[in-house]
There are 2 protein chains.
Amino acid sequence: MKQRSKAGHRTPIREQQRLDPSEREAIIAREAVTFFAEYGFEGQTRELAKRLHITQPLLYRYFPSKEALIERVYQDVFVERWKPSWEKIITDRSVPLKARLVRFYREYAAVILTYEWIRLFMFAGLKDLGLNARYLKMLRERAFEKVIEEIRVEYGRPSTGELPVTDLEIEMVWGLHAAIFYLGVRQFIYSMPLETDVNSIIDAKIATFLNGFRSVLPAKG
Amino acid sequence: MKQRSKAGHRTPIREQQRLDPSEREAIIAREAVTFFAEYGFEGQTRELAKRLHITQPLLYRYFPSKEALIERVYQDVFVERWKPSWEKIITDRSVPLKARLVRFYREYAAVILTYEWIRLFMFAGLKDLGLNARYLKMLRERAFEKVIEEIRVEYGRPSTGELPVTDLEIEMVWGLHAAIFYLGVRQFIYSMPLETDVNSIIDAKIATFLNGFRSVLPAKG
DNA sequence: CCGATAATTGATCGATCGATAAATAACGAT
DNA sequence: ATCGTTATTTATCGATCGATCAATTATCGG
């Protein structure tokens, strides 16, 4: 009782049937991102195949196992979406510090405050795997510590090379990160629409962040 | 190949066997909390039974379905652990405002910053169900709006009865809540131990929160 | 138009899940 | 002691899961 074409005869309607392997693989990976973001990693491969209008065994021609497909999702979302240019934005001292932070956090927020990113990151964390710890370690090294260094320089304090980042300083940065991340949690996990513009909130948070940071800065060297 | 008693003969060791239904039910519910917090709601009933040293069908004598058991977990964690005294703490004007907030948020944090609470709340959110939205609606009415009202009074502004809570004000409270909640996420979802004392962080957050709140207060009435 | 290649499907396996019913055995009352 | 109640276990069902393999058919070069 198939209905490949409407009236039994061949229809001119283009129903793409056989695709190039590379194209099919990309389509599967793309759909897997939104699928696992919605249902979690226990989402069934049959359901994913249904969304793709293909049969479930076809998935296994392109990915050796469900776990391999999930790894691909991790790669596409958490690795590929990281912009190396962010690190340049933070350290570009031809731009005023506050403007740099605003630009970085706005761009970063635009990437992570999506249905896929937030939910997949949370699903991964609850499943453990250490993926989150690895990602946040990178985030700390490539972004957070640079932010602290730039603030130190701005206020004429010793470099993080001389005096390592303090617990209080890193905690301040975590607090800012928490505020932004939580906007995504409210939207995409709690299903509570935000009543205020995200960029406005970010700007305000950065302002109070910079203000509060002065009280945790190490003494002048 | 059972080993009910060590050497085949009846041992004097007290191996509680038959329990009062009320007691057994309580034990099951208690273990279900930590079990589902660890594995999520897709955790298998057979695994839960193994932890309880009982057989899986016994669970169905006390709970008609797995879903009913999960509902019980929600009740025990998100409803039973709410302390009505918190609302009194916030509104007790014989105590200075800042001291009230510190006390409330410390006590509240002590309840929600646990492995069970944080993870179950997140699992529930990802599964939807509307539980989170319901809980946060209650949190907003019973706590957040009271906090705002007290700050309004402190600074001689119109009551929330006259002038409803503004988006900016509620956003400030969300920010404070986010900072505290995220401490739990870091610990119990990302498995990243905190390097700073929680109460110290809360105190600091409240200080900057109160400071920042003045800039979003409505004009004097 | 034809034949080879391979993308896709149909059929199915083995394990695992929530749930049910009947059998067993622990405990209190008499 | 023994008898009835019922907490608990044993056995099992039906559905569903990830995964495998052989059959099918769309597509392209000649």
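In summary, B:R51 and B:E47 do not engage in a salt bridge, as defined by a charged side-chain N under 4.0 Å from a carboxylate O.
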Chi angles and distances behind the side-chain contact (heavy atoms from CB on, under 4.5 Å) call for A:F209, B:T208: CA-CA 9 Å; A:F209 164 76; B:T208 61; over 6 Å; no

Assess the residue pair B:R103 and B:E107 against the criterion (salt bridge (Lys or Arg N to Asp or Glu O under 4.0 Å)); give the C-alpha distance rounded to whole Å, side-chain angles, the decisive distance to 0.1 Å, and a yes or no. CA-CA 6 Å; B:R103 198 178 150 204; B:E107 284 197 24; 3.4 Å; yes

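If B:Q56 and B:P21 are placed on DNA chain D by their nearest nucleotide, the residue sitting closer to the 5' end is B:P21. Mapping A:E42 and B:I54 onto DNA chain D via the closest heavy atom, the residue that lands nearer the 5' end is B:I54.
Per the geometry, CG belonging to B:D20 stands 12 Å off P belonging to D:dT6, to the nearest Å. Atom CG in A:L19 sits about 16 Å away from atom P in C:dA6, given to the nearest Å. Going from atom CD1 of B:I27 over to atom C1' of D:dA7 covers 13 Å, rounded to whole Å. D:dT16 atom P lies 10 Å from atom NZ of A:K50, rounded to whole Å. Counting to the nearest Å, the P atom of D:dA7 and the CG atom of B:L52 are 17 Å from each other.
Here the CD1-CZ distance, from A:I180 to A:R106, works out to 11.0 Å after rounding to the nearest 0.5 Å.
Aromatic ring orientation, B:F41 versus B:F36: tilted (interplanar angle from 30° to 60°). Ring geometry for A:Y182 versus A:Y190: interplanar angle over 60°, hence perpendicular rather than tilted (30 to 60°). Using bins of under 30°, 30° to 60° and over 60° for the plane-to-plane angle, the ring pair A:Y108/A:H177 lands in the tilted bin.
No donor-acceptor pair under 3.5 Å is formed between the side chain of A:D20 and the backbone N or O of A:S22. Between the side chain of B:R100 and the backbone N or O of B:I89, no donor-acceptor pair lies under 3.5 Å.
No donor-acceptor contact under 3.5 Å links the side chain of B:R46 to the base of C:dT16. Residue-to-nucleotide contacts include a donor-acceptor pair under 3.5 Å from the side chain of A:R18 to the base of C:dA6.
Non-hydrogen atoms lying under 4.0 Å from DNA chain D are contributed by B:P57, B:L58, B:R61, B:Y62, all within residues 57-76 of chain B. Against DNA chain D, the stretch residues 31-38 of chain A makes no heavy-atom approach under 4.0 Å.
Of the side-chain N and O atoms in A:T55, none sit less than 4.0 angstrom from OP1 or OP2 of C:dT8.
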